Amino acid sequence: MLKKICRLWLQSAGWKIKNPLPPEIKQAIIVVAPHTSNWDFIYGMGACDLLELNIRFAIKQEWVRFPLRKLFLSLGALPIERKTDHTKKRSGMTKKMIELFSDKQQPLMLLVTPEGSRSRVSRWHTGFYHIARQAHVPIVVAYLDYARKEVGMGPIFFASEDMQQDMRKILDFCNTITPKYPEQYQAL
């Protein structure tokens with residue numbers, strides 16, 4: 001129901017869908033960037049509904065509690081417990097995410113915001129890259145361009161052995177997108 005409301009909001013605000021995901025892609029890591037506003041979530045959910053994407057996304061466990069628990073879970077939330085031991089947390093979380101892709105017959109689009117925040121950051125989290133590489137699923141770069149009022153898919157590729165080159169490809173594309181709050185995005 002909420003996705004349908006987001007869809008109507010997206011359409012009534014005059015947004016367009018560009019470059020939808022090719023239908024043969026059933027599993028992928030969808031990297032959404034730049035991410036500078038909570039509006040990204042609303043427009044993104046509307047786009048997912050229009051594109052009929054069955055998405056999942058990691059979210060802080062603190063957000064998935066009463067009264068929002070049922071709502072977030074129905075939208076595809078995967079509550080993530082944050083711990084102080086970042087090494088254990090990251091490796092455990094990465095392993096759990098890889099396991100989600102184990103059933104190759106089950107469609108799964110795992111949405112990630114590598115900035116990890118809506119605030120300006122100097123580096124991105126790279127767990128999504130390791131998940132895509134180990135799960136053998138493509139990385140799809142999705143975007144919301146507020147200047148053009150477009151939601152769409154950019155580059156689609158499989159992670160190679162050269163993470164630096166692959167990240168450059170993603171960042172170069174993202175640096176062409178206008179986020180809601182450009183001052184909160186640092187082109188890397």
Side-chain angles (χ1 to χ4, degrees), residues 3 6 10 13 15-22 25 27-51 53-60 63 72 75-78 80 82 90 93-94 97-98 100-101 108-135 137-160 162-188:
K3 280 187 185 179
C6 292
L10 178 82
W15 284 69
K16 302 174 288 295
I17 302 291
K18 293 288 183 171
N19 307 321
L21 195 63
I25 296 179
Q27 291 189 331
I29 297 283
I30 300 180
V31 175
V32 182
H35 176 47
T36 64
S37 168
N38 285 331
W39 284 103
D40 297 347
F41 182 80
I42 294 167
Y43 292 134
M45 284 293 112
C48 287
D49 191 54
L50 276 169
L51 296 168
L53 294 178
N54 180 22
I55 58 115
R56 303 295 306 268
F57 59 94
I59 188 171
K60 296 173 191 172
W63 280 79
F72 279 124
L75 291 172
L78 296 166
I80 302 299
R82 299 181 305 158
R90 290 195 199 287
M93 188 167 77
T94 300
M97 298 296 178
I98 292 166
L100 290 174
F101 288 104
L108 176 61
M109 302 295 163
L110 182 61
L111 228 92
V112 296
T113 55
E115 292 157 290
S117 170
R118 291 169 308 282
S119 303
R120 190 179 184 96
V121 298
S122 59
R123 67 186 242 339
W124 281 9
H125 299 279
T126 57
F128 75 90
Y129 188 85
H130 301 290
I131 295 165
R133 188 148 192 259
Q134 292 176 47
V137 297
I139 295 171
V140 177
V141 183
Y143 68 93
L144 292 102
D145 190 310
Y146 283 81
R148 295 186 298 234
K149 286 193 169 184
E150 286 181 8
V151 178
M153 305 297 172
I156 301 171
F157 62 96
F158 282 88
S160 72
D162 189 343
M163 184 169 95
Q164 208 168 18
Q165 180 182 339
D166 290 344
M167 290 299 289
R168 186 79 262 147
K169 187 185 310 183
I170 295 168
L171 292 167
D172 286 348
F173 176 79
C174 291
N175 291 340
T176 68
I177 303 302
T178 305
K180 174 89 169 146
Y181 299 111
E183 68 279 2
Q184 288 176 214
Y185 177 66
Q186 179 167 328
L188 303 173

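Here the structure is a predicted model, which is why all the values come from computation and not from measurement. These values consider heavy atoms only, across backbone and side chains, with no hydrogens, waters or symmetry-generated copies.
Closest of all the heavy-atom pairs between Phe57 and Leu75 is CE2-O, 3.4 Å. Residues Pro179 and Tyr146 approach most closely at C-CD1, 3.6 Å, considering heavy atoms. Nearest heavy atom pair, residue Met153 against residue Ala142, reads SD-CB, 3.8 Å. Shortest non-hydrogen contact noted between Met167 and Phe128 is SD-CZ, 3.7 Å. When all heavy atoms of Ile98 and Ile131 are compared, the closest pair comes out as CG1-CA, 3.9 Å. Shortest non-hydrogen contact noted between Ala28 and Ile25 is CB-CG2, 3.9 Å.
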Between Trp124 and Cys174, does the side-chain contact (heavy atoms from CB on, under 4.5 Å) criterion hold? Intermediate values first, please. CA-CA 12 Å; Trp124 281 9; Cys174 291; 3.9 Å; yes
Output, in order, the C-alpha distance, side-chain angles, deciding distance and verdict of side-chain contact (heavy atoms from CB on, under 4.5 Å) for Trp15 and Leu144. CA-CA 9 Å; Trp15 284 69; Leu144 292 102; 4.2 Å; yes
Start with the C-alpha gap between Asn38 and Ile42, add the side-chain angles, then the distance that decides, and say whether side-chain contact (heavy atoms from CB on, under 4.5 Å) holds. CA-CA 7 Å; Asn38 285 331; Ile42 294 167; over 6 Å; no
Start with the C-alpha gap between Leu78 and Met97, add the side-chain angles, then the distance that decides, and say whether side-chain contact (heavy atoms from CB on, under 4.5 Å) holds. CA-CA 10 Å; Leu78 296 166; Met97 298 296 178; 4.1 Å; yes
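Here the CD1 atom belonging to Ile30 is positioned 9.0 Å from the CD1 atom belonging to Ile156, to the nearest 0.5 angstrom. With rounding to the nearest 0.5 Å, the separation of OH in Tyr43 from CG in Leu10 is 7.5 Å. To the nearest 0.5 Å, atom CD of residue Gln27 and atom CG of residue Asn54 are 10.5 Å apart. Remark: Asp162 CG to Lys169 NZ distance equals 9.5 Å, nearest 0.5 Å.
The shortest distance between side-chain heavy atoms of Asp49 and Cys6 does not fall below 4.5 Å. Between Tyr143 and Thr176 there is no side-chain heavy-atom pair separated by less than 4.5 Å. With contacts defined as side-chain heavy-atom distances shorter than 4.5 Å, the pair Tyr185/Ile177 does not qualify. Leu21 has its side chain out of reach of Leu51: every pair of non-hydrogen atoms, C-beta onward, lies at least 4.5 Å apart.
No side-chain donor-acceptor contact under 3.5 Å links Asp166 to the backbone of Ala159. Within the 3.5 Å criterion, the main-chain N or O of Arg148 finds a donor-acceptor partner in the side chain of Lys16. The backbone N or O of Asp40 sits nowhere less than 3.5 Å from a side-chain atom of Lys180 that would complete a donor-acceptor pair. In this structure a side-chain-to-backbone donor-acceptor pair under 3.5 Å is present from Gln184 to Thr36. Arg56 contributes no side-chain N or O that, together with a main-chain N or O of Met109, makes up a donor-acceptor pair within less than 3.5 Å.
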